[in-house]
Amino acid sequence: MSEVKNVVELEDAVIKFVGDSGDGMQLSGTLFADTAAYDGNDLTTFPDYPAEIRAPQNTIAGVSGFQIHFGSKKILTFGDICDTIVALNPASLRANLKWTKKETIIITDSDAYDDSALEKSGYKTNPLTDGSLKDFKIISAPFTTLIKECIKDLNIDVKTTYKSRNMFALGVAFKLYGKTLDHTFHYLEKKFATRPQIVEMNKRVVKAGFDWAATNPQLECLYNIPNAKMEKGRYRNITGNVATAWGLIAAGERAERPLFLGSYPITPATEILMEIVKYKSLGAKVFQAEDEIAGICSAIGASYTGSLALTTTSGPGLSLKSEALGLAVITELPLVIVNVQRGGPSTGLPTKSEQSDLYQALYGRNGECPLIVMAASSSADCFYSAFEAAKLSVEHMTPVILLTDGSLGNGSELFKIPDTKDLPKITAPLAKANDPNYKPYNRDEKTLARQWAIPGTEGLRHRVGGLEKENGIGTVSMDPINHELMVGLRAEKVQRVANYIDPQEVYGDQEGDLLIVSWGGTKGVIRDSVIEMKKEGYKVGHAHFKHIMPLPKNTTEIFGKFKKIIVCELNSGQFVGYLRITHPEFKYNQANKVQSLPFMIHELKEKYYKLLEK
Amino acid sequence: MEQILNTIERSNVELTKEDFVSDQMVKWCAGCGAHAILAAVANVFPKIGYRKENFMMVSGIGCSSRFPYYVNTYGFHGIHGRANAIASGVKISNPKLSVWVATGDGDSMAIGGNHFIHTIRRNIDLNIILFNNMIYGLTKGQYSPTSPMGSVTKTSPQGTIEHPFNAGELVIGAQGTFFARVPDNNIKLMTEVMFEAARHDGTSLVEVLQNCIIYNDKVHAPITSKDTREDNQLVLRNGEPMLFGAGNKKGIRLNQTRLEVVTIGENGITESDILVHDQFQQDPGIQLMLAKMAPPLYPVAMGVIRSAMYPTYDDMVEDQITYAKANSKILTVNDLLNSGDTFEVK
Ligand SMILES: Cc1ncc(C[n+]2csc(CCOP(=O)(O)OP(=O)(O)O)c2C)c(N)n1
Ligand code: SF4
């Protein structure tokens, strides 16, 4: 057979590896992504896994996937419609057909389409032979048969052989997109250093897939995706949860404060806990609490004691922390609360992403209880957002809720590694030992932050707590006028943070017909939609908010420069509701989606077109 | 009392009660048992001898939880039920502090029950003073998890139908390493027991049978009043026989698998038949039986019932950090950022 020679150059491509939960698709996807990154492509990734750990084999419920969008341009999203789907069984194919277009390439294992698997996945007839996939480019092969052939001399059991199908598929995908096997070989050698036979088997299988694809006529052409023009420097692929963890650790170092995390596991936030706990060598103290309440309360105790204190959770956990958040607000202590949002209410859609906890973050407490609310805008941005959340928290002596979401947390993108000396310094407003003027609720004139008097320091013994304080002195006070004063001061303190954050940027036109407003994890897809609109000649701008409470000071000015405003968010209209309260002078349109799925560019653009026509 | 040996920095001047008096007016009802607890704490802190800045009081919500305002230390008045969780963070974050928790029976055994058992299980080095007045004081007289079955309160007009917790049993069940009990009218014993609590490495639980004169007056009187205490209290001393009653004529002996009250001189009983208290015994079997003793069959055990040596959570945290620092390649955030798979774009 002759080699496939025809090579087509592409700017970007979306590939998704799907299969049963036990099929190793997360690994295939990760290896593909790492290889693309080493090759110089920009990329973002997203794992799409079910809530169940191992749902019954071959059912739709058990489908697990990993998607990669890679290219020679700046990649802002993990993509919606796939150019290629690698499906290891009929269920995963069926579940993912909604992400295909005409001519999507489907790489699949024809051995996997036996009667039982077809039935469990809900297929009446075999889609590979019944003509239902005729619009797609099918690349199918009997993976298991071919694998057995190439490792027959290794004496490997049937189960292990079967488990290497993901490697065969990966080999095919590598060939299709002009990638090499070096990184994967290196990974296998390191990962299974003590099991040379497993290394040998996997290497052979991935190579077999690669070679099979090289000569198979089902591949009409191969693709080449040139290097992205990225800024010089050292990079790594990073998930949002790891980036959040690292941003917080970096903040501890820059603030010269020990790090304390009190947390309770919850999807999709657990990785932050699991990540920080690895770095005891950096002094991180991690307390896996008995529940979310103990998580935040231990963090408050640690904060009083002088640590950069953190608690990480997802929606239901944030609900449990509400009362304690009020305690952190009234005691005016620094505390970073990370909420990796998921679909709600209640347990909701634990492994899916949504932006529906904004109201909870802004308002979900008793009393008048303002705190800083921020939202990270991409996986790599989680690093900088977490760092800034900690900086603002410490310097302004107030809790900060940082909102990320499941897509950002689990998704990844390339991250240019900074040098910590280039990160801003964090200056904790520490009270000085034996300061005769120290009073617990004396405030800095500019920020209104009180001082942090760390237990153990001479001459600063004092008490704080959840009862209302007399301003300045800090003793308990039930005085009505003082209470109103304190309510005002706490609110003003948070508002003044606006003096210390960057002004809001607008991408694209600075004035024009439509301002597209978004916040949090949707930045990439909305930016892509705006780029397309601009290419089509529309006068549109994009304001993506990272600071929500307080809003940047120039918000009014920006909003005033556009004829129309549309606020896009993955909920039924929370940020827009907040804008209607804080900036009622403008009229807002909305684009909302509450399917625990990301926006698609075309559905956003339809909304824009409609508005622009009117 | 001897000096406590640990890493908390000691005061280089002699401290007195006055060093710990705060400028806040004490607002408990006159006759409330909490006053005695405050007096005992003021007695014991100077004796413990740490720098005064190294004491830290944490509380939840309740009458008892106002305590931090009344002692001049670093203090934190938390939210209902969460004192132990807050204190855990304080101690783990700064193990050089002597951390004291003031909490009520509702605070620690109802709303905060979860934190209570887990704090104890972890053996974090905290000194918890449990003000057990068997009632919710601050909310004006509802029954609590320690109210005896049948208690008539504002929320149980026909009497409670719940089995109460015995704090000692709960502590030992949660693998507690230190449990002591004292009546609020014996400040001397309270002071001694608090000193022992401070000396103990790990979670020390001191249950004070505290009178709430307003909502549950005399609930402990059958044990603590002048005319009942001799027969109804057994004050335990490590290494000494468990004798009580007028002229120390009564004692506790182990009869097969159960404790039994006996009288010296009756049925051939001599002092050698009487159990000798071993608070340091790791096996909590007898200590648990002691903690559960109650009239009419038994006296109530007072003093240090259990004080067993186990590693503390906070020490192990420090050990793991020390080990990691000595053995990891990642010692700065720059090391971390550049660890693992990275690549260069030129
Ligand atoms: C979340 C919450 N629920 C309920 C209350 C009301 N509350 C305050 S103190 C208390 C019970 C106090 O009883 P206890 O802990 O035994 O303390 P005491 O007042 O008897 O010392 C209750 C129910 C509260 N403050 N917070
Ligand atoms: S109500 Fe009871 S517990 Fe509260 S202060 Fe008064 S006497 Fe003490």
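Only a predicted model underlies this, so the values are computations on that prediction, with no experimental measurement involved. Worth knowing before you read on, the calculation uses all heavy atoms, side chains too, and leaves out hydrogens, waters and symmetry mates. By convention in this document, chain letters (A, B, ...) are assigned in the order of the sequence lines, proteins followed by strands, and residues within each chain are numbered from 1.
Most heavy-atom pairs under 4.5 Å with chain A: of the set B:K52, B:E9, B:K91, this distinction falls to B:K52. Counting heavy-atom pairs closer than 4.5 Å to chain A, the top-ranked of the candidates B:G89, B:A324, B:G75 is B:G75. Here A:T457 is the residue among A:T457, A:L259, A:T475, A:I249 with the most heavy-atom pairs under 4.5 Å with chain B. Of the residues considered (B:V58, B:I79, B:N94), B:I79 shows the highest number of contacts with chain A, using heavy-atom pairs under 4.5 Å. For chain A, the option among B:T119, B:I61, B:V71, B:T73 with the highest count of heavy-atom pairs below 4.5 Å is B:T73. The most heavy-atom pairs under 4.5 Å with chain A, out of B:I92, B:T322, B:N72, B:N84, come from B:N72. Of the listed residues (B:S88, B:S59, B:A87, B:P68), the one with the most heavy-atom contacts under 4.5 Å to chain A is B:P68. For the set A:A302, A:G262, A:P455, the entry with the most heavy-atom pairs within less than 4.5 Å of chain B is A:P455.
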task: Could you please spell out the steps behind the side chain to side chain contact (heavy atoms under 4.5 Å, CB included) verdict for B:E318 and A:K285?
output: CA-CA 9 Å; B:E318 297 305 314; A:K285 289 183 178 172; 2.7 Å; yes
- request: Take B:F76 and A:L333, measure what side chain to side chain contact (heavy atoms under 4.5 Å, CB included) needs, and give me the verdict at the end.
  value: CA-CA 12 Å; B:F76 199 96; A:L333 285 168; 3.7 Å; yes
task: Take A:E253 and B:T332 through the side chain to side chain contact (heavy atoms under 4.5 Å, CB included) test and state the conclusion after the steps.
output: CA-CA 8 Å; A:E253 188 178 278; B:T332 67; 3.9 Å; yes
query: Between B:E53 and A:L460, is a side chain to side chain contact (heavy atoms under 4.5 Å, CB included) present by the stated rule, with each step listed?
result: CA-CA 8 Å; B:E53 286 80 12; A:L460 301 180; over 6 Å; no
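Annotation for A:K416: atom NZ counts as buried by contact number, over 12 foreign heavy atoms lying within 6.0 Å. With a 6.0 Å radius and a threshold of 12 heavy atoms from other residues, nucleotides or ligands, A:K425 has its NZ atom above the threshold. The 12-atom threshold is not exceeded at CD of B:E14, counting heavy atoms of other residues, nucleotides or ligands nearer than 6.0 Å. A 6.0 Å sphere centred on CD of A:E256 holds no more than 12 heavy atoms belonging to other residues, nucleotides or ligands.
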Got a list of side-chain donor-acceptor pairs under 3.5 Å for residues 292-300 of chain A, not counting sequence neighbours?
unit_1: A:S298; atom_1: OG; unit_2: A:A294; atom_2: O; d: 2.9
unit_1: A:S298; atom_1: OG; unit_2: A:G295; atom_2: O; d: 2.9

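When all heavy atoms of B:N54 and A:G456 are compared, the closest pair comes out as OD1-CA, 3.6 Å. Here the shortest heavy-atom pairing between A:G301 and B:V90 reads O-CG2, 3.4 Å. Nearest approach of B:L336 to A:R236, heavy atoms of both residues: O-NH1, 4.0 Å. Between A:K232 and B:K346, the closest heavy-atom pair is CG-C, 3.5 Å. Nearest heavy-atom pair across B:D23 and A:R463 is OD1-NH2, 4.5 Å.
Contacts of B:Y313 with chain A are made by side-chain atoms alone, with heavy-atom separations under 4.5 Å and no backbone atom involved. In this structure, chain B has no heavy atom under 4.5 Å from any part of A:S303. Using a 4.5 Å cut-off between heavy atoms, A:A284 contacts chain B through its backbone alone, with no side-chain atom that close. In this structure, the portion of A:F415 lying under 4.5 Å from any heavy atom of chain B is its side chain and not its backbone. Contact annotation for B:L97: only side-chain heavy atoms (C-beta onward) come within less than 4.5 Å of a heavy atom of chain A. Proximity to chain B involves both the backbone and the side chain of A:A37, based on heavy atoms less than 4.5 angstrom apart. At a 4.5 Å heavy-atom cutoff, A:P258 makes no contact with chain B through either its backbone or its side chain. For B:R122, the part lying near chain A is the side chain, with the backbone staying farther off; criterion is any non-hydrogen pair under 4.5 Å.
Note that the OG1 atom of A:T420 and the CG atom of B:L337 stand 7.0 Å from one another [nearest 0.5 Å]. Considering CD1 of A:I238 and OG1 of B:T342, their distance stands at 11.5 Å, rounded to 0.5 Å. Between atom CE of residue B:M57 and atom CZ of residue A:R461 there is a gap of 13.5 Å, rounded to the nearest 0.5 Å. Taken from CZ in A:F287 to CG in B:D314, the straight-line distance is 10.5 Å, to the nearest 0.5 Å. The line from CD of A:E290 to CG of B:N114 is 5.5 Å long, rounded to the nearest 0.5 Å. The distance from atom NE2 of A:H462 to atom OH of B:Y74, rounded to the nearest 0.5 Å, is 7.0 Å.
Contact of the A:R234 side chain with the B:N338 side chain is registered, since non-hydrogen atoms from C-beta on lie closer than 4.5 Å. For the pair B:R51/A:E458, a side-chain contact is recorded, criterion being any heavy-atom separation below 4.5 Å from C-beta on.
Side-chain contact of B:D341 with A:N237: a donor-acceptor pair under 3.5 Å is absent, judged by distance alone.
Close approach to chain B, defined as a heavy atom under 4.5 Å from one of its heavy atoms, is seen in A:Y279, A:K280, A:S281, A:L282, A:G283 of residues 274-283 of chain A, taken by number.
In this structure, B:F343 and A:Y235 have parallel ring planes: the angle between them is below the 30° cut-off, well short of the 60° mark.
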